[in-house]
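Only one structure is covered here, and it is reproduced in the block below.
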Amino acid sequence: LSALLLPGRCLVIDPIIALIQDQMDNLRRAGIDRSIGIDSGMEREERELSADRFASGQYLFCFVAPERLQSDSFRAALRKLTVSGPVSLVAIDESHCVSEWGHTFRPAYLSLAQTVREYCSRPGERVPVAALTGTASQVVLKDVQRTLEITDLSAVIFPESFNRSELNFNIFSCRTQEKTHSLKGFIERLSSDFGIPPGQLFLVNGENTYSGMVFCPHAANTRYSVQEYKNVFEKDLGAPVATYTAGMGQEQKHEQSSLFKHNLVPIMICTNSYGMGIDKPNVRYTAHIGIPQSIEAFYQEAGRAGRDKKLSHCGIIFSDD
């Protein structure tokens with residue numbers, strides 16, 4: 001909304017392709033189709049053509065990963081854009097990644113402040129930068145501010161409360177070999193928790209679908225993997241599922257994500273490469289196989305549920321034997 005009200009074009013920095021696709025879908029549903037996502041899954045000519053069109057002012061929003069700003073051709077496109085009109089806003093979404101990923105395997109995050117202000121500002125102007133996240137500890141928040149050079153004391157805006165009364169949290173402790181049984185027990189009791197007939201939990205019914213997400217620690221070829229629990233849901237529970245892991249091809253990722261997002265299947269079984277930022281209103285439950293890496297990671301992933309403020313259940317199944 002801020003970008004639409006301000007003159008110029010908006011550049012959005014997103015950490016993963018799934019989030020770019022999700023946000024573009026949301027804009028289109030709101031009637032805003034002048035947006036483009038430029039990612040590594042595109043052919044080189046397609047990337048350069050898209051960047052040139054953005055530079056010519058054809059799009060209101062451009063979604064990219066931080067690494068795209070290291071490209072000479074994309075920097076040239078930004079230079080061209082700022083000659084004809086301003087960049088109204090640079091929005092860094094899921095900005096906790098600046099701290100959590102920038103210091104490890106995605107150093108492009110650490111140079112964002114310098115890069116966007118050099119290539120997105122016009123002479124005598126300083127492009128506005130907004131860093132957005134729902135999950136940042138005080139340590140991460142201070143690191144994000146320092147890295148992005150956000151020094152204004154009034155710049156940090158907190159929600160009034162992090163409490164989400166629509167979410168019910170459940171913790172299930174069991175032996176390692178009992179995790180699958182505990183998961184099945186949690187899933188099978190949900191119909192009672194929601195007050196619906198057991199056969200309705202896995203029915204596809206548009207926005208009234210009881211969608212669920214199961215987060216697994218591994219993709220395949222090991223215990224507690226996405227592939228293992230895909231088999232559990234399809235064979236043991238009779239539920240159609242979509243799957244998502246970082247190792248999939250871009251076309252397969254988009255296809256599986258679309259099936260889940262558009263309520264063509266009720267359940268997404270995934271690694272944590274999918275959960276970040278996905279805004280699907282009718283996720284009614286989440287389940288974690290094992291303990292997430294941090295409280296913030298769990299809050300972020302479990303927080304995919306209940307986006308429409310209706311009763312939802314979030315479970316963790318862990319073993320300490």
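At most 12 heavy atoms of other shown residues, nucleotides or ligands fall within 6.0 angstrom of atom CD in Q114. Within a 6.0 Å sphere centred on CG of L4, heavy atoms belonging to other residues, nucleotides or ligands number more than 12. Enclosure of atom CG in D321 by more than 12 non-hydrogen atoms of other residues, nucleotides or ligands within 6.0 angstrom is indicated. Within a 6.0 Å sphere centred on NE2 of H262, heavy atoms belonging to other residues, nucleotides or ligands number more than 12. Atom CD1 of I171 has 12 or fewer neighbouring heavy atoms from other residues, nucleotides or ligands inside a 6.0 Å radius. Around CD of Q177, the count of heavy atoms belonging to other residues, nucleotides or ligands within 6.0 Å exceeds 12. Within a 6.0 Å sphere centred on CZ of R29, heavy atoms belonging to other residues, nucleotides or ligands number more than 12. Within 6.0 Å of atom CD1 in I157, 12 or fewer heavy atoms from other residues, nucleotides or ligands are found, so the atom counts as exposed in its surroundings.
The closest side-chain donor-acceptor pair between T271 and S273 falls under 3.5 angstrom. There is a side-chain donor-acceptor pair under 3.5 Å between S111 and Q70.
L183 and V265 end up in different hydrophobic clusters when Ile, Leu, Val, Met, Phe, Trp and Tyr side chains are linked at under 4.5 Å. Both L78 and L148 belong to a common hydrophobic cluster when Ile, Leu, Val, Met, Phe, Trp and Tyr are linked at side-chain heavy-atom distances under 4.5 angstrom. V226 and Y274 fall into different hydrophobic clusters, where Ile, Leu, Val, Met, Phe, Trp and Tyr are joined by side-chain heavy atoms under 4.5 Å apart, directly or via other members. Residues Y299 and I316 are members of separate hydrophobic clusters, defined by side-chain heavy-atom contacts under 4.5 angstrom among Ile, Leu, Val, Met, Phe, Trp and Tyr. Cluster membership check: F260 does not share its hydrophobic cluster with Y210, using side-chain heavy-atom separations under 4.5 Å among Ile, Leu, Val, Met, Phe, Trp and Tyr.
Side-chain atoms of R106 do not come within 3.5 Å of backbone N or O of C97 as any donor-acceptor pair. The closest donor-acceptor contact from the side chain of R9 to the backbone of Y59 lies under 3.5 Å. A donor-acceptor pair under 3.5 Å is formed between the side chain of R164 and the backbone N or O of G303. Listed for the E125 side chain is no donor-acceptor partner under 3.5 Å among the backbone atoms of S121. Remark: side-chain polar atoms of E178 are paired, donor with acceptor, to backbone N or O of R175 under 3.5 angstrom. With hydrogens and angles ignored, the 3.5 Å screen pairs no side-chain donor or acceptor of S312 with any backbone N or O of Y285. In terms of modelled atom types and a separation under 3.5 Å, the side chain of R53 and the main chain of Q58 share no donor-acceptor contact. Distance alone, capped at 3.5 Å, is enough to place a donor-acceptor pair between the D22 side chain and the D279 backbone.
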* To do: Please step through side chain to side chain donor-acceptor pair (under 3.5 Å) for the pair K280 and N263, ending with a clear verdict.
  => CA-CA 10 Å; K280 178 174 162 62; N263 298 305; 2.6 Å; yes
* To do: Decide yes or no on side chain to side chain donor-acceptor pair (under 3.5 Å) for Q23 and D93, but give the supporting numbers first.
  => CA-CA 11 Å; Q23 292 181 340; D93 199 14; 2.5 Å; yes
* Asked: After noting the C-alpha distance and the side-chain angles of M42 and D39, does the key distance pass the side chain to side chain contact (heavy atoms under 4.5 Å, CB included) rule?
  -> CA-CA 6 Å; M42 303 163 70; D39 61 66; 3.8 Å; yes
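Contact record, S95 with V144: O-CG2, 3.4 Å, taken as the closest heavy-atom pair. Nearest heavy atom pair, residue K80 against residue A55, reads CD-CB, 3.8 Å.
Put simply, the side chain of V98 does not reach to within 4.5 Å of the side chain of D143, judged on heavy atoms. Using a 4.5 Å heavy-atom cutoff, the side chains of I17 and K253 are not in contact.
Taken to the nearest 0.5 Å, the CD1 atom of I20 stands 9.0 Å off from the CD1 atom of I13. We find the CG-CD distance between D152 and Q145 to be 9.5 Å, quoted to the nearest 0.5 Å. To the nearest 0.5 Å, atoms CG (L167) and CZ (R307) are separated by 10.0 Å. The CD atom of E234 sits 8.5 Å away from atom OG1 of T243, with the distance rounded to the nearest 0.5 Å. Here the straight-line distance linking atom OH of Y229 with atom CZ of R223 works out to 6.5 Å at 0.5 Å rounding. To the nearest 0.5 angstrom, R68 atom CZ is 13.5 Å from T115 atom OG1.
Aromatic ring orientation, H288 versus F298: perpendicular (interplanar angle above 60°, classes split at 30° and 60°). Using bins of under 30°, 30° to 60° and over 60° for the plane-to-plane angle, the ring pair H313/F194 lands in the perpendicular bin. Aromatic ring orientation, F74 versus F54: parallel (interplanar angle below 30°, classes split at 30° and 60°). Using cut-offs of 30° and 60° on the angle between ring planes, the pair F105 and W101 is tilted.
E118 has a carboxylate O that lies under 4.0 Å from a charged side-chain N of R79, or vice versa, which qualifies the two as a salt bridge.
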